[in-house]
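The structure appears right after this line, and notes come after that.
Values in this document were obtained by computation on a predicted structure and should not be read as measured data. Convention: sequence-line order gives letters A, B, ...; per-chain numbering from 1. Only this structure's heavy atoms are used, side chains among them; waters, hydrogens and symmetry mates stay out.
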Amino acid sequence: MRDTHEIDFNDELLAWYDRNAREMPWRIGPADRSSGMRPDPYRVWLSEVMLQQTTVAAVRDYFLRFTSRWPTVESLAAAPDEQVMGEWAGLGYYARARNLLKCARVVVESHDGCFPDSHDELLNLPGIGPYTAAAIAAIAFDRPETVLDGNVERVVARLYDIHDPLPGSKPQLKQRAAALTPAVRPGDYAQAVMDLGATVCTPRSPACGICPMRTRCRSQAAGTQADLPRKTPKKPKPTRYGHVYITQTADGAMLLERRPDKGLLGGMLGWPGSEWSDAPSDTAPFASDWRVLPGEVRHTFTHFHLILQVWATSLPPGAAPEDMILLDKHAFRPSDLPTVMRKAFDLWRNQ
DNA sequence: GATACGTGGAT
DNA sequence: TATCCAAGTAT
């Protein structure tokens, strides 16, 4: 049963959203929204996958390029893998791009090109988990589903002054969030809570002074909001070392490899290289007059730091060694590389 | 439940 | 410089 507190919360937050909703390329305008128009499920899905663990600012241009190049799920499903991985390069978490393609192809081949409109059916699709299934159902189809992302966790933990640390407190937060989800405009409500978390109820220095929930927020009353939500401490990152091998032929072609689909940077283009470990071997992939470039590439992944040496050589024009890809001057685009590989290229180019 | 999985911006 | 953090998912 929904109590008065929750009804007031919904009204206040939706009113705030109507005044403050941020413009985003995947959203429809207020006029269309109030006339009952729904956003394109394809665009909602694409934006939500891109937004997983990624900021709106980082996603915007990627979304515009993807939808310009592939305006429909059919066109995306028909795209070659390499083109999609290249367009995703730099955005990170590359399993998302591999699952994006899998999902597009399932939707086209098994769902007649239409995204399912229920949480449970969406959850069965590749790359769609509990959050994204709820987000698509709510935003694209206006289903009363409860989204629970980092923003909602923070807003709810503060609103109810919940001190139990994440991720253990997730079920409790989910229950609170579900009790707040209204039957009216659930899609707008979901986006409203996330916008509030992103712009007002921020992780550090929350703007409680302008928060529409100020008078209803228990942690604001208790003065504990800056310490919430609590999180279990993270493990320190180890440092790993390795080399990459950058080879150019006399006619300007570059020697690369396609990384295996599983694991780090899976499916992406990259330079051949050593293992990344405490003490990498210094065995080059083939005999040549290798030059070790001055400087190094430093890059931090989710769970380790990486320090990379760059070895460079040149070859006469010809065939690529086994399992490697020779891309000529026009076919090679540094923007197709994941960031760590692009850093190595930049070091090589500026040598 | 714990771990693997990217990147860039803010502090 | 170091740490945190972002509209999480798969295994």
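- OP1 or OP2 of B/dG9 has not a single side-chain nitrogen or oxygen of A/T55 nearer than 4.0 Å.
- Distance, A/R298 CZ to B/dT7 C1': 18 Å, rounded to whole Å.
- Checked against the 6.0 Å centroid threshold, A/Y241 and A/W276 do not count as a close aromatic pair.
- Rounding to whole angstrom units, CG of residue A/L337 and C1' of B/dG6 are separated by 14 Å.
- Under the ring pair (Phe, Tyr, Trp, His ring centres under 6.0 Å) criterion, the residue pairs touching residues 65-87 of chain A are A/F66-A/W70, A/F66-A/W88, with sequence neighbours excluded.
- Residues from residues 227-246 of chain A with heavy atoms under 4.0 angstrom of DNA chain B, sorted by number: A/K235.
- In this structure, the side chain to side chain donor-acceptor pair (under 3.5 Å) partners of A/D195, at least two apart in sequence or on a different chain, are A/R27.
- Atom CG in A/L91 sits roughly 13 Å away from atom P in B/dG9 (whole-Å rounding).
- Side chain of A/R96 to main chain of A/G127: no donor-acceptor pair is present (N/O by atom type, distance under 3.5 Å, no hydrogens or angles).
- Not a single ring pair (Phe, Tyr, Trp, His ring centres under 6.0 Å) links A/H119 to another residue, sequence neighbours left out.
- Ring planes of A/F345 and A/W271: parallel class, angle under 30° (limits at 30 and 60°).
- Helical stems of DNA chain C (runs of at least 3 Watson-Crick or G-U pairs, donor-acceptor distances under 3.5 Å) are listed by first residue: B:2-5 with C:8-11, B:7-11 with C:2-6.
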Show me, pair by pair, the donor-acceptor contacts under 3.5 angstrom made by side chains of residues 327-335 of chain A, not counting sequence neighbours?
residue	atom	partner	partner atom	Å
A/D328	OD1	A/H330	N	2.8
A/D328	OD1	A/A331	N	2.9
A/R333	NE	A/D336	OD2	3.3
A/R333	NH2	A/D336	OD1	2.7
A/R333	NH2	A/D336	OD2	3.4

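- Shown here are the side chain to side chain donor-acceptor pair (under 3.5 Å) partners of A/E48, two or more places apart in sequence or in another chain: A/Y131.
- Applying the side chain to side chain donor-acceptor pair (under 3.5 Å) test to residues at least two apart or on different chains, the pairs with a partner in residues 135-148 of chain A are A/D117-A/R143, A/T146-A/T181.
- For A/F301 and A/H299, the distance between ring centers is under 6.0 angstrom.
- Partners of A/R65 according to the salt bridge (charged side-chain N to carboxylate O under 4.0 Å, His left out) rule, which considers only residues two or more places apart in sequence or in another chain, are A/E87.
- Taken residue by residue, residues 198-209 of chain A places heavy atoms nearer than 4.0 Å to DNA chain C at A/P203, A/R204.
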Strictly under 3.5 Å: I want the nitrogen or oxygen pairs between protein and nucleotides 8-11 of chain C, one per line.
residue	atom	partner	partner atom	Å
C/dG8	OP1	A/G150	N	3.4
C/dG8	OP2	A/Q53	N	2.5
C/dG8	OP2	A/Q53	NE2	3.2
C/dG8	O5'	A/Q53	N	3.3
C/dT9	OP1	A/G129	N	2.7
C/dT9	OP1	A/G129	O	3.2
C/dT9	OP1	A/T132	N	3.0
C/dT9	OP1	A/T132	OG1	2.8
C/dT9	OP2	A/P130	N	3.4
C/dT9	OP2	A/Y131	N	3.2
C/dA10	OP1	A/G127	N	2.5

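- In this model, the phosphate group of B/dA4 is not approached by any side-chain N or O of A/H303 to a distance below 4.0 Å at OP1 or OP2.
- Partners of A/Y245 according to the ring pair (Phe, Tyr, Trp, His ring centres under 6.0 Å) rule, which considers only residues two or more places apart in sequence or in another chain, are A/W290, A/W311.
- The side chain of A/H299 contributes an N or O atom lying less than 4.0 Å from OP1 or OP2 of B/dT7.
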